Amino acid sequence: MGRLTTHVLDTAQGKPGSGIAVELYSLDSGRRHIKTLVCNNDGRTDEPLLDGDLFSAGTWELVFAVGEYFSKSGIEVPDPPFLDIIALRFTVADGQNYHVPLLVSPWSYSTYRGS
């Protein structure tokens with residue numbers, strides 16, 4: 001079985017997004033909260049979001065609390081922020097590793113499927 005991991009990169013400041021809360025939801029039988037983790041100093045979670053038998057094909061959602069992070073970062077951001085909560089929905093089709101990073105600034109974000 002594979003595993004699901006993430007990390008956050010603050011592209012505005014060129015550093016990891018440490019302290020950002022990440023929530024994981026399963027969307028296959030309604031929206032069900034699985035866990036909440038916080039990114040460490042490297043912008044990664046200390047453990048996989050899912051692995052082993054818990055990681056399965058289906059539709060998932062990662063929710064990143066970036067508004068709070070940027071308001072504490074020293075960057076001047078509007079109140080309310082342009083980006084506050086970012087939700088990424090994606091589908092797992094097989095048992096391979098899925099790495100879903102978030103590259104974010106106060107004004108934009110992107111993601112991709114890594115392994």
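All heavy atoms count here, side chains included; hydrogens, waters and symmetry mates do not. Everything numeric in this text was worked out from a predicted model, so none of it was measured.
Note that CG of L4 and CZ of F90 are 4.5 Å apart. Values are rounded to the nearest 0.5 Å. Rounded to the nearest 0.5 angstrom, L50 CG and L24 CG are separated by 5.0 Å. Note that CH2 of W107 is 7.5 Å distant from CZ of F70, once rounded to the nearest 0.5 Å. Remark: Q96 CD to R113 CZ distance equals 5.5 Å, nearest 0.5 Å. Here CD of E68 is found 8.5 Å from CD1 of I85. Values are rounded to the nearest 0.5 Å. Interatomic distance, CG of L9 versus CG of L103, reported as 5.0 Å (0.5 Å rounding).
With sequence neighbours left out, the salt bridge (charged side-chain N to carboxylate O under 4.0 Å, His left out) criterion links E23 to no other residue. A search for salt bridge (charged side-chain N to carboxylate O under 4.0 Å, His left out) contacts involving D42 returns R44, not counting sequence neighbours.
Nearest heavy-atom pair, S73 versus Q13, reported as atom, atom and distance to 0.1 Å: CB-NE2, 3.4 Å. When all heavy atoms are compared, the tightest approach of V66 to L83 is CG2-O, 4.0 Å.
Contact check for N97 versus T5: no side-chain heavy atoms found under the 4.5 Å cut-off. Inter-residue side-chain proximity for V104 and F64 is flagged as unmet; no heavy-atom pair is nearer than 4.5 Å.
The aromatic rings of W60 and F55 lie parallel to each other, their planes meeting at an angle below 30°, with 60° marking the opposite boundary.
Hydrophobic clustering of Ile, Leu, Val, Met, Phe, Trp and Tyr side chains at less than 4.5 Å, counting indirect connections, keeps Y98 apart from L27.
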> Going through the checks in order, is the side chain to side chain contact (heavy atoms under 4.5 Å, CB included) test met by T6 and T45?
Replying inline: CA-CA 7 Å; T6 191; T45 57; 4.3 Å; yes

